[in-house]
Amino acid sequence: IGDVLHAGEVGFGAMLTARGFGGILGGIIVARYGARLSERRLMPAAAFAMALIWLGMANLQYLPVAMLMFLLTGTPAMAWAVSAQTLLQRTVADAFRGRVFGVYSTITSVAALTGMGISAATLDTIGAVTIFNAAVVCNLLAAVALVLAFRRTPTDSDPAVVEPPSAEPA
């Protein structure tokens, strides 16, 4: 923050505050309008929007702009989170749901830790702007992967629900 945005602790606190307000506003917006799009459209759109916002945040390097970008990330971040949870709830049978959510939470946590570790290890070598731009590329790849994956799976009107095997003999 100090090197890139020329801001200290107060600037960091201001950015976290903007991020918090963005999350609240994003939650309200997604709750109000999120059901108008299926998860299959909302998730790639959220990943793409996050990439564009991060691209601006990383490369404009001005604290008020960064604060605005953090505020704007709330809506796509909430759209992503709600869509992922909804998609899992809709497509996984009750008997497997707890295990699937556990695996999902573990994978997302490990991915976040891995990204933080790589960022910390390479920060002094390649710099924060390059790391943020790499995150932009990862989000764009995620958006493309989601579009391709959702084309190969059943539609929302025909969810791919996996039912547990019956305990009763046939």
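Under the 4.5 Å side-chain contact rule for hydrophobic residues, Val103 and Phe96 do not share a cluster. Hydrophobic clustering places Leu52 together with Tyr62 (ILVMFWY residues linked when any side-chain heavy atoms are closer than 4.5 Å, directly or through intermediates). Using a 4.5 Å cut-off between side-chain heavy atoms of Ile, Leu, Val, Met, Phe, Trp and Tyr, with links allowed through other members, Ile29 and Ile53 fall into different hydrophobic clusters. Placement of Phe70 and Val65 within a single hydrophobic cluster is found when ILVMFWY residues are connected by side-chain heavy-atom separations under 4.5 Å, directly or transitively.
Under the 4.5 Å side-chain criterion, counting only non-hydrogen atoms from C-beta, Met69 is not in contact with Trp54. Between Met50 and Thr73, the closest side-chain pair of non-hydrogen atoms falls below 4.5 Å. For the pair Gln85/Tyr104, a side-chain contact is recorded, criterion being any heavy-atom separation below 4.5 Å from C-beta on.
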Could you list the donor-acceptor pairs under 3.5 angstrom formed between side-chain atoms of residues 133-149 and any protein atom two or more places apart in sequence or on another chain?
{"from": "Asn133", "atom 1": "OD1", "to": "Asn59", "atom 2": "ND2", "distance (Å)": "2.9"}
{"from": "Asn133", "atom 1": "ND2", "to": "Asn59", "atom 2": "OD1", "distance (Å)": "3.3"}
{"from": "Asn133", "atom 1": "ND2", "to": "Val129", "atom 2": "O", "distance (Å)": "3.2"}

Could you go through residues 109-122 and list every donor-acceptor pair under 3.5 Å that involves a side-chain atom there, pairing it with any protein atom two or more places apart or in another chain?
{"from": "Ser109", "atom 1": "OG", "to": "Ser105", "atom 2": "O", "distance (Å)": "2.9"}
{"from": "Thr114", "atom 1": "OG1", "to": "Val110", "atom 2": "O", "distance (Å)": "2.7"}
{"from": "Ser119", "atom 1": "OG", "to": "Gly115", "atom 2": "O", "distance (Å)": "2.8"}
{"from": "Thr122", "atom 1": "OG1", "to": "Ile118", "atom 2": "O", "distance (Å)": "2.7"}

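Atom CE of Met57 sits about 7.0 Å away from atom CE of Met15, to the nearest 0.5 Å. Note that OG of Ser38 and CZ of Arg90 are 8.0 Å apart. Values are rounded to the nearest 0.5 Å. Between the OG1 atom in Thr75 and the CG atom in Leu25 there is a gap of 7.0 Å [rounded to 0.5 Å].
Surrounding OH of Tyr33 are at most 12 heavy atoms belonging to other residues, nucleotides or ligands under 6.0 Å away. Heavy atoms from other residues, nucleotides or ligands lying under 6.0 Å from CZ of Phe132 number more than 12. Other residues, nucleotides and ligands place more than 12 heavy atoms under 6.0 Å from the CZ atom of Phe101.
Of all heavy-atom pairs spanning Ala7 and Gly11, the tightest one is CB-CA, 3.9 Å. The two residues Pro76 and Ala46 make their nearest non-hydrogen contact at O-CB, 3.4 Å. Taking both residues in full, the closest heavy atoms of Leu87 and Met43 are given as CD2-SD, 4.2 Å, listed atom of the first, atom of the second, then distance. The two atoms that bring Ala79 and Leu42 nearest to each other are CB-CG, 3.9 Å, heavy atoms only. Closest approach of Ala18 and Met67 over heavy atoms only: CB-O, 3.3 Å. When all heavy atoms of Phe150 and Glu39 are compared, the closest pair comes out as CE1-O, 3.9 Å.
Of the possible donor and acceptor atoms, none in the side chain of Arg19 sits under 3.5 Å from a partner among the backbone N and O of Leu71. A donor-acceptor pair is defined here as one N or O able to donate and one able to accept, closer than 3.5 Å; such a pair exists between the side chain of Arg99 and the backbone of Ala95.
Other cluster members for Val30: Met78, Val82, joined by side-chain heavy-atom distances under 4.5 Å among Ile, Leu, Val, Met, Phe, Trp and Tyr.
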